[in-house]
Amino acid sequence: MKLFAAAALLGLAACTVQPEVASTPGPLPPLAQRLDAPRLAMIEHVLAGYFASDITNPPTVCASWHDGREEEALPPADETALIARFPQLAPMSRCSRTANGWRDTETDQPALVFTLHNFTCASEESCSAWGGYRSNGANSMSYLYRGEWNGDKWEFTRDPRLIAE
């Protein structure tokens with residue numbers, strides 16, 4: 001009888017469903033792999049440099065385009081793609097311009113807004129834009145970023161000269 005009970009328990013154990021172990025997804029592919037989105041790939045490149053740095057108590061960070069007049073939010077799909085890539089990035093709706101500079105609308109703490117402006121493409125495979133950020137009423141230096149499609153992805157270089165040169 002003991003042998004029968006042991007065999008029955010083993011049989012039942014074999015029938016139980018093992019819980020699935022959640023696997024950690026791999027990193028998202030860079031947005032730079034999209035030929036059709038050079039502006040998005042360029043802002044991704046600029047943000048990657050910032051988020052890779054070791055900043056203690058970073059402010060809320062938003063990203064925008066500059067349309068020649070003032071910063072504007074990225075298209076929703078582009079903003080969602082960047083937030084998926086950089087969970088530290090906040091939607092532009094969370095950053096508000098005040099007399100004292102950019103502020104986080106949820107915390108009223110200072111915010112930092114990265115902006116690309118004067119984005120142009122000389123061809124489907126060669127683009128450039130000026131990029132920098134604004135925070136606490138101050139602007140960073142704007143650098144000229146150039147993007148070239150290498151057949152597989154966008155590659156970017158930053159011109160070391162400042163906008164005023």
Side-chain angles (χ1 to χ4, degrees), residues 22-121 125-150 152-165:
S23 63
T24 304
L28 295 171
L31 299 170
Q33 292 176 343
R34 293 181 46 194
L35 173 61
D36 67 332
R39 188 168 66 166
L40 181 60
M42 189 175 289
I43 193 90
E44 173 193 40
H45 173 77
V46 172
L47 290 170
Y50 175 79
F51 286 127
S53 59
D54 188 22
I55 299 171
T56 306
N57 300 320
T60 298
V61 176
C62 298
S64 70
W65 313 127
H66 194 288
D67 67 357
R69 293 177 301 277
E70 62 182 54
E71 291 81 4
E72 63 182 54
L74 285 61
D78 290 349
E79 189 172 69
T80 299
L82 284 170
I83 290 171
R85 197 108 180 93
F86 304 109
Q88 318 90 305
L89 185 65
M92 188 64 184
S93 61
R94 192 164 155 190
C95 291
S96 176
R97 185 191 309 260
T98 69
N100 297 324
W102 289 95
R103 306 293 289 181
D104 182 324
T105 59
E106 292 180 11
T107 65
D108 199 38
Q109 295 297 310
L112 185 145
V113 177
F114 277 93
T115 303
L116 284 184
H117 51 96
N118 295 340
F119 184 86
T120 59
C121 292
E125 299 178 346
S126 178
C127 300
S128 64
W130 291 92
Y133 64 86
R134 295 178 182 196
S135 181
N136 291 334
N139 296 336
S140 72
M141 292 179 255
S142 286
Y143 289 98
L144 178 62
Y145 290 89
R146 289 181 177 23
E148 299 291 330
W149 181 255
N150 73 6
D152 293 318
K153 65 180 179 176
W154 287 99
E155 292 183 341
F156 298 97
T157 56
R158 185 178 87 179
D159 191 314
R161 294 174 290 176
L162 302 177
I163 196 170
E165 289 185 293

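Position 1 is the first residue of the sequence; numbering continues from there.
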Reported [atom1]-to-[atom2] distance for the pair [X] and [Y], which is rounded to 0.5 angstrom:
X    : Y    : atom1 : atom2 : answer
S96  : E106 : OG    : CD    : 12.0 Å
R85  : L31  : CZ    : CG    : 6.0 Å
L116 : H45  : CG    : NE2   : 10.5 Å
W154 : L40  : CH2   : CG    : 12.0 Å

Less than 4.5 Å apart, any side-chain heavy atom of R94 and any of L89? no
Going by heavy atoms in the side chains, are D159 and Y145 under 4.5 Å from each other?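 Not in contact.
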Enumerate the salt bridge (Lys or Arg N to Asp or Glu O under 4.0 Å) contacts for residues 48-61, please, sequence neighbours excluded, ordered by first and then second residue. none
Side-chain donor-acceptor pairs under 3.5 Å in residues 73-80, sequence neighbours left out?
residue	atom	partner	partner atom	Å
E79	OE2	M92	N	2.8
T80	OG1	P76	O	2.9

Non-hydrogen atoms of [X] and [Y] that approach each other most closely:
X    : Y    : answer
C62  : P91  : SG-O, 3.4 Å
T105 : S93  : OG1-O, 3.8 Å
A129 : M42  : CB-SD, 3.5 Å
C95  : A111 : SG-CB, 3.7 Å
A63  : L47  : CB-CD1, 4.1 Å

Residues in side chain to side chain contact (heavy atoms under 4.5 Å, CB included) with [X], at least two apart?
X    : value
T157 : R146
Q88  : F51, F86
N150 : D152, K153, E155
R97  : E70, E71, W102, R134

Residue list, side chain to side chain donor-acceptor pair (under 3.5 Å) with [X], at least two apart or on another chain:
X    : value
T98  : none
D36  : R34
R158 : none

Who pairs with F114 by ring pair (Phe, Tyr, Trp, His ring centres under 6.0 Å), at least two apart in sequence or on another chain?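 Checked F114 against ring pair (Phe, Tyr, Trp, His ring centres under 6.0 Å); matches are Y50, Y133.
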Pair L82-E44, side chain to side chain contact (heavy atoms under 4.5 Å, CB included): steps then yes or no: CA-CA 7 Å; L82 284 170; E44 173 193 40; 3.9 Å; yes
Do S126 and E148 meet the criterion of a side-chain donor-acceptor pair at a distance under 3.5 Å?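 On atom types as modelled, these side chains qualify, holding a pair under 3.5 Å.
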By salt bridge (Lys or Arg N to Asp or Glu O under 4.0 Å) - contacts of R103 (at least two apart):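 Checked R103 against salt bridge (Lys or Arg N to Asp or Glu O under 4.0 Å); matches are D108.
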Test W65 against I43 for side chain to side chain contact (heavy atoms under 4.5 Å, CB included), laying out the working first. CA-CA 9 Å; W65 313 127; I43 193 90; 4.0 Å; yes
